[in-house]
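Structure, as structure tokens:
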2 protein chains.
Amino acid sequence: MSQSRAYHHGDLRRALLDAAVEVMAESGPAALSLRDLARRAGVSHAAPAHHFGDKAGLLTALAAQGFELLAEALRDAGDDLVDTGVAYVGFAVRRRAHFEVMFRPDLYRADDPEVVAAQARAGELLRTGVARRTGRGPDVDALAAWSIVHGFATLWLSGALPPRVGPDPEAAARIVISRLFP
Amino acid sequence: MSQSRAYHHGDLRRALLDAAVEVMAESGPAALSLRDLARRAGVSHAAPAHHFGDKAGLLTALAAQGFELLAEALRDAGDDLVDTGVAYVGFAVRRRAHFEVMFRPDLYRADDPEVVAAQARAGELLRTGVARRTGRGPDVDALAAWSIVHGFATLWLSGALPPRVGPDPEAAARIVISRLFP
DNA sequence: AGTCTAACTTGCCATTGACAAGATAGCTCG
DNA sequence: CGAGCTATCTTGTCAATGGCAAGTTAGACT
């Protein structure tokens, strides 16, 4: 039932977002082309523009979706601070495409209402996760926690970490985070 | 003496790299165009190809230069571990263009000999900085230290940090790093 | 002076993002 | 039932880009 209708793809918007994630997951954000996405979805080269306006529009939608998924992942991680940090790293690795767009605001419209809202939700979960532990200034703890998990995730994704770290990013992350919150 | 010679720019290679840094510093790596760089240098649109082969070649040279500059910055930071971390963040902020390319290996040829060598030099400095402190497994300490400074720097550059953190990234970084190595 | 080579140019092509104008489908409402 | 309305998609076009090929020039070295 893929090409049943010449017009009206059915769910082009979702199909384009999914294709974008697939492309970026294997070739990085730089390899993204609206025309390629259109080809993959079997529509004309100008179809994406209708749903997203332009390339930045598509990436804006993808970033918003990403922050939603991150919030969800953090919620599912439970109450433990270390578990939350591990979940952050797990999200970055598993949803690599989303993660890479989310923290590259030059690629999309970071002031988009949907993005801002989802971003706030995820940020809140991160902060409350840390607030339960604290010790020193909770601000410092939160910032340190966010920095260490974000840094680990970013370094992992960029391939900069030495092989010695091992093949399992979440296991390694757990050890590193425990170093910050013994 | 800028346009004294129609041919033989004099130092086109350096001029192109400098222009690339300038463009990326204000508009991000996505806005980089070889033809624009050529225009800024006053040469034809194909001149850059002679020096760098292609766009990835130019970014490879820029990444290698970046790792050299990072090594230099870490060396200048002295022996203290926290100072080294602050210097890392300072480098990311001050040499934003270099930093952003360095950790995006999909943009350049990460297996380039010059890059690998410079990368090794900088990594060595980072590791010895941590080794002087240690306590637990030095591997874990090093990884945690790198993660926290890299994460802070990345978050700062992406504009994701709340305004409350203040205007001075290095001051804020010092507090955060001290949280890891009290 | 003659030759050789590195540095640059001109010209070209496929691809891309963006825009404009048109076509179609399916819904709504009389 | 059918006439119009609107969201959805298409075709056509343009300027800009990266990359390649083939020339041209400067200047170094005999």
Side-chain angles (χ1 to χ4, degrees), chain A residues 1-24 26-63 101 104-109 112, chain B residues 1-20 22-24 26-63 97 101 104-109 112:
Chain A
M1 200 176 288
S2 285
Q3 63 275 45
S4 57
R5 287 157 296 198
Y7 267 69
H8 286 77
H9 174 284
D11 205 355
L12 219 207
R13 189 188 158 90
R14 169 183 298 268
L16 290 172
L17 284 176
D18 289 352
V21 168
E22 191 184 346
V23 170
M24 293 178 56
E26 54 189 34
S27 311
L32 200 70
S33 144
L34 288 182
R35 291 171 108 103
D36 179 45
L37 297 184
R39 252 172 264 134
R40 286 168 185 251
V43 295
S44 85
H45 64 85
H50 178 71
H51 290 278
F52 300 106
D54 56 5
K55 197 174 185 178
L58 185 143
L59 293 177
T60 300
L62 214 148
V101 172
R104 214 164 296 167
D106 55 313
L107 293 182
Y108 65 98
R109 284 180 275 275
D112 177 271
Chain B
M1 201 174 292
S2 283
Q3 63 274 44
S4 56
R5 288 156 295 198
Y7 268 68
H8 287 78
H9 174 283
D11 206 354
L12 219 207
R13 188 187 159 91
R14 169 183 297 267
L16 290 172
L17 284 175
D18 289 352
E22 191 184 348
V23 170
M24 295 179 55
E26 54 190 32
S27 310
L32 200 69
S33 145
L34 289 183
R35 290 170 108 103
D36 180 44
L37 297 184
R39 252 173 265 133
R40 286 168 184 251
V43 295
S44 84
H45 64 85
H50 177 72
H51 290 278
F52 300 105
D54 57 5
K55 197 175 185 176
L58 185 143
L59 293 177
T60 299
L62 214 147
V101 171
R104 213 164 296 166
D106 55 311
L107 292 182
Y108 65 96
R109 284 181 274 278
D112 177 271

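Bear in mind the structure is a predicted one, so any value in this text is a computation, not a measurement. What's counted below: heavy atoms across the whole structure, side chains too, no hydrogens, waters or symmetry copies. Letters A, B, ... mirror the listed sequences (proteins, then strands); counts begin at 1.
Base engagement by Ser44(B) is indicated by at least one non-hydrogen atom pair under 4.0 Å involving a base atom. Within 4.0 Å (heavy atoms only), Leu58(A) reaches no atom of the nucleic acid at all. Across all strands shown, His51(B) has heavy atoms under 4.0 Å from sugar-phosphate atoms exclusively, and none from any base. Contacts of Ala49(B) with the nucleic acid, taken as non-hydrogen atoms under 4.0 Å apart, are absent. Within the nucleic acid shown, Leu37(A) has no heavy atom closer than 4.0 Å to any nucleic acid atom. Among the atoms of the strands shown, only primed sugar atoms or phosphate atoms (P, OP1, OP2) are found under 4.0 Å from some heavy atom of Arg39(A).
Put simply, the side chain of Asp106(A) reaches to within 4.5 Å of the side chain of Pro29(B), judged on heavy atoms. Side-chain contact check for Leu16(A) versus Leu34(A): every heavy-atom pair is 4.5 Å or farther apart. Considering only heavy atoms from C-beta on, Val101(B) comes within 4.5 Å of Tyr108(B) through its side chain.
One finds the NE2 atom of His45(B) at 10.0 Å from the CZ atom of Arg39(B) (value rounded to the nearest 0.5 Å).
Between the CG atom of Asp36(B) and the P atom of dT17(D) there is a distance of 7 Å, given to the nearest Å. Per the geometry, CG belonging to Asp11(B) stands 15 Å off C1' belonging to dA6(C), to the nearest Å. One can place NE2 of His45(A) at 9 Å from P of dT10(D), the figure rounded to the nearest angstrom. In this structure, CG of Asp54(A) is placed 22 Å from P of dC14(D), rounded to the nearest angstrom. Between Phe52(B) atom CZ and dG19(D) atom P there is a gap of 13 Å when expressed in whole angstrom units. The separation between Leu34(B) atom CG and dG18(D) atom C1' is 7 Å, rounded to whole Å. Spacing between atom CG of Leu12(B) and atom C1' of dA6(C) amounts to 13 Å, rounded to whole angstrom units. Distance Arg35(A) CZ to dT15(C) P: 10 Å, rounded to the nearest Å.
Between the side chain of Thr60(A) and the main chain of Arg109(A), a donor-acceptor pair closer than 3.5 Å is present.
Remark: Ser33(B) is in phosphate contact with dG18(D), judged by side-chain N or O atoms under 4.0 Å from OP1 or OP2. Residue His50(A) places at least one side-chain N or O closer than 4.0 Å to OP1 or OP2 of dT8(D).
Nearest-nucleotide positions on DNA chain D for Ala47(A) and Ala46(B) put Ala47(A) closer to the 5' end.
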